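First the structure, in the form of structure tokens, and then the observations on it.
Side chains included, hydrogens not; waters and symmetry mates left out as well; all remaining heavy atoms used. Remember, it's a predicted structure, so these values are computed and weren't measured experimentally.
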Amino acid sequence: MTTTETVAVDPELLEVLLKSLDKAQEPLTAEKIREGLSGPYKQPVKIITEQLNELVQGGKAFEFEPSGRSKQPRFWSRSEFVDRELLDVLIEALDNAQEPVTAEKVRKDLLKTRDRPQKLVEQNLRKLVSEGRVFEYEPLKGKQPRYWCHSRSYYADAIAAVVADLPRSWADVEKQAKSTRKGLSAKQCNELKKEMLASGRLFEVPPLPGGKSPLLSCKPMDLRPHVQVALSQCVKHLSKYNVTMEQVHQAARLLLTCGEASPQASHTAELTTPATPAVDDSASPVDDSLSAVDDSLPALILDQMLDVHPGAANGALVQLRELRRAMDFQNIEKSAFDRAVLHLADAGKVALHRHDYPAGLSEQDRAELVTDGTGDYFVGIALRS
Amino acid sequence: MSELSGIVNPFRVTIVSDPWRPSPPDVPEIHAKAFQTCCNALESVRRQWGSSSVLIHGEPGSGKTHLLARLRQYCRDVEPRVLDPLQPETVFVAVRLQTGPQRLWRHLRRNFVEDLLREAPDSTPQLKRILLRRLGSLCHTDADLLVWWECLKQEYPDPALLKALLDSYLDRLSGELQLSRDFCTVLVRFMMGRHLRDTRAWLMGDPLPDSALAALDVAAPAEDDDFEEQAQRVVLDLCHLAGSRIPIVLCFDQIEALMSHPEDRGAIGTLGQVIMRLFNETTNLVLISCVQSTYVDYLNLYNPEGALRPAGARMAVHQTSLGPLDWDNAFRLVQARMAGERRLAELRTAKGDPLWPLDKSRLEKTVGLRGCTPRKILSVCAELFDAVSDRRVVPTISDKAFVSRIWQERLDVASSGDTLAQMDHILTHGIPLLVHAAAEGWNSNGKSPSRDLEVFLEGDGRIGVSLCNHRDMRSLLPRLKRLRQVLPDRRAEKLVLLRDVRLPLGKNAIRTNQMLDELNTQGARLIRPSHELLAALDALRRLLSDAKAGDLSNQGQTVTPETVQKWLAENMPGVLRDLLDEIVAYPVPSDNGDDGRLFDELLEVLAEHPVIALDEAAGTLKTDTGTLEATANARASDVGILRGPPVVLFRLTADEVVPEAV
């Protein structure tokens, strides 16, 4: 049978101690706290320690390990111990690290001084993690979590950068990503690949003409590189028969636009319901029938949409104003651009988003939008799935 | 067509205003790609890739809020009576940004907490589910957490022991997640089911009396507290509490409502700061933002000079848009609505026509080759349905008449509501909108030069508006002291102080009254908004916010903010016109300080004696009856008077404040 020694609780002293702890800038020993007390509260260290333990039991104060040469526990009203100086040192150390490292490694190898206890380093690392300034990684060999200044997206970004322009084989991607980012094992690389494929940051696309292995791309089914390779092959083949590259491209454009034309396109204007209120300057409906549209323009617009906004492939809205500006260098007339955009909408290739109050815009602002001549003004364009 | 009599028109509901409300029948094929984009973003966060976002553009009536309702159902599709720790959990929060940028964090906090505490039959509030998962994880239990919690309560029947246990758990969580002390204390109270009303109020950021704060064991706000920062801390604490295993789908709906006008760079900048903070501090957030297509130009995400840069990249990790419906989807939508009415479905089957009783060719014409919004097709269907059933066809009304009707509805709702609890919110959001709608040449774009000026207007001069609705004079006094420097330092040329008329400054508030006198001498103007004024301002801000978000529809046609502003310019209620004049008028109208003081003292007397004879009140206030009657007459909208004899004064309550007819 054991007996527990009961400590006489002095509520007044408890309150005074709590105030002292609240004011303290860091955890203090009972002796240090006593130095700040006066009058009847300046009790022996033993009594003060007992009362501090009472506060700890009640969850109002927290006990910290002894610091420096002292063997006395320290007390504070806060549970965390953030060492601002150490935070800066840790950030610098992790910034210099080549890969995620454990707290132990940080303390032993990266910090210039080793007098900081392991627990303190861990606490401050966790603080940095909670602030989003440092990222936590799963343990690699032991059970210790690892820390680094770069998030997992640091590696993922490297992989994405490799396929930013062209689809590539996984072997290429892995090799190039590893050359720019150290500390990436083959296993981690494969895991990242799986995660990026699942989350839509990477896409598997068919091999290029003549290739066998599927490739990785940052765009879903962006087949332009495939078509480009096929066209190059076609140009190369036909050049033997004195056919120029321009002639091949012209033929390709004709094939594309004729194959997708809608016979109902010319009826579009009369089916459209006018928006309210109509703008006075709206003239007659725009003729967006195939015969009135420049052959190559619809395909150019679709291409340019992806250039202006890569997210367009996933249905993101592209500003028509911006799209037209991006095509300025091609000297396309506004009316031709408008006709081509309307034609794409009628053919079901794109969705157009109306401005809800064009009458409230200045004439100059309205002129930058696409109009169908019946009072509707369009601000945005998105690819239809 | 008598067979349709008695069948409710299934196309009448064309607006989903709240993703939490049961929405009309859903058609999964409509906007399936946008929905999938949201789900993919959620999955990437669940795989602990870090916070992500989706920016959704759509025309008014394209179904943005409806899509959020679908997402809510997807996220909250959980078995209500079971909480399996091994099953994934998702938190859903939807915020309509009907607020001013100065109070964005506070608005976010309130909505966040409201959604986390939302009660539904047979379901456990989201906050409790998060906490149970956290506590269960600390105890390494893999049992049903609802059962585990009941067992734990039985194991610790003594509330003191249970509290001690919860305190120890929350201490561990606090250390691990860096949660604030007060936040953890309140969570323990919440789990214990103690002081629930105060717990809720504290979490939402409502002011609490000292006694309630003491009961909760949390600190009283200090005089120099930054309430936006406090709100930010609570929102981030809630995100950290959920942790990396529980993604939080946070939906910003009606982003346009945050801006007092489309090019309000200040509002966009503040939104950008909030987004940056949320992304830097969390790893479990899926931010879904809904914006009207028209605003694609104003947000200007990719412009390096844009106000949203660099937050734009975080706000739009993924982008998608809600395009107009093509014929196939329009057909599905119409069918789904009709299938919801059992009798109609039976009749339709008997007729063998999938669209009966509607005219297919009319619908095809409405959709056309370029498609139309769901709201448009539903409105046409509603009209056709009324026409073919023997019911009275809803007559077409002009936009002006429509806005008049909606205004009266909003005013009625606001007048019967508690404007006192929301006064700061109404004033900070409503005044810039009022100014933009009716005071030409004035705007609220500029950054406030002082945190004591909640609204800062620039135009022919610079006007600072300070809200002085403090209930506790100890917190009002320091603000008034600081405000004394605003005019001498030329931070503003005119200073307007607003204090709700229902918050009298008693004669015992000697220092406060002295300070007000001093400010009055400097030229500051004290305005006492009434319930009537606040109700009108609340109606105005809600009406304009809905119009900006495209959520005002007159028989399928979107009513634009410009139409509402035009209507307001012609029909501005007198109370709002007076407020506007008092705020923007130069030179500063002279204020009779003594009259204001007497009025305050009279309000204090009426707070104690709701009905009192004039001579008795004059005796109490040590003034003559003539002066007091003149004061009461001058403020007849705020004090009730019975002419007598004898003349009797009485306190007006909200029910007696009749909204001004428009």
Original post:
Hey, are the side chains of F62(A) and D171(B) touching, using non-hydrogen atoms and a 4.5 Å cut-off?
Top reply: yes
Original post:
For N280(B), is it the side chain, the backbone, both or neither that has a heavy atom under 4.5 Å from a heavy atom of chain A?
Top reply: backbone
Original post:
Heavy-atom distance under 4.5 Å to chain A: side chain of P324(B), backbone, both or neither?
Top reply: both
Original post:
Do T560(B) and D356(A) have side-chain atoms, one donor and one acceptor, less than 3.5 Å apart?
Top reply: no
Original post:
Listed by chain and number, what are the ring-ring contact (aromatic ring centres under 6.0 Å, His included) partners of F183(B), not counting sequence neighbours?
Top reply: none
**OP:** Check S293(B) against V379(A) and note the closest heavy-atom contact, atom names and distance.
**Re:** O-CG2, 3.8 Å
**OP:** Pick whichever of A351(A), G380(A), A345(A), A316(A) has the most heavy-atom pairs under 4.5 Å with chain B.
**Re:** A316(A)
Original post:
When rounded to the nearest 0.5 angstrom, what distance separates NE2 in H343(A) from CG in L369(B)?
Top reply: 11.5 Å
Original post:
Is chain A contacted by the side chain of Q36(B), its backbone, both, or neither, given a heavy-atom distance below 4.5 Å?
Top reply: neither
Original post:
Ion pair present between D376(A) and R370(B), side-chain N to carboxylate O less than 4.0 angstrom?
Top reply: no
**OP:** Could you list the residues that satisfy ring-ring contact (aromatic ring centres under 6.0 Å, His included) with H436(B), not counting sequence neighbours?
**Re:** H261(B)
Original post:
Any chance NZ of K33(B) has more than 12 other-residue heavy atoms, nucleotides or ligands included, within less than 6.0 Å?
Top reply: yes
Subject >> Pairwise side-chain contact, Q319(B) with P310(A), heavy-atom cut-off 4.5 Å (strictly under) >> reply: no
Original post:
Counting heavy atoms not belonging to E15(A), are there more than 12 under 6.0 Å from its CD?
Top reply: no
Original post:
Relative to chain A, which segment of L322(B) carries a heavy atom at a distance below 4.5 Å: side chain, backbone, both, or neither?
Top reply: backbone
**OP:** Pick one of side chain, backbone, both or neither for L361(A), based on which atoms fall under 4.5 Å of a heavy atom in chain B.
**Re:** side chain
Original post:
What is the distance from atom NE2 of H353(A) to atom CD of Q292(B), rounded to the nearest 0.5 Å?
Top reply: 11.5 Å
**OP:** State, to 0.1 Å, how close A382(A) and S321(B) come at their nearest heavy-atom pair, and which atoms those are.
**Re:** CB-OG, 3.3 Å
Subject >> Atom pair NE2 (H318(B)) and CG (N314(A)), whose distance is rounded to the nearest 0.5 Å >> reply: 8.5 Å
Original post:
Measuring from S62(B):OG to R354(A):CZ, what's the distance to the nearest 0.5 Å?
Top reply: 11.5 Å
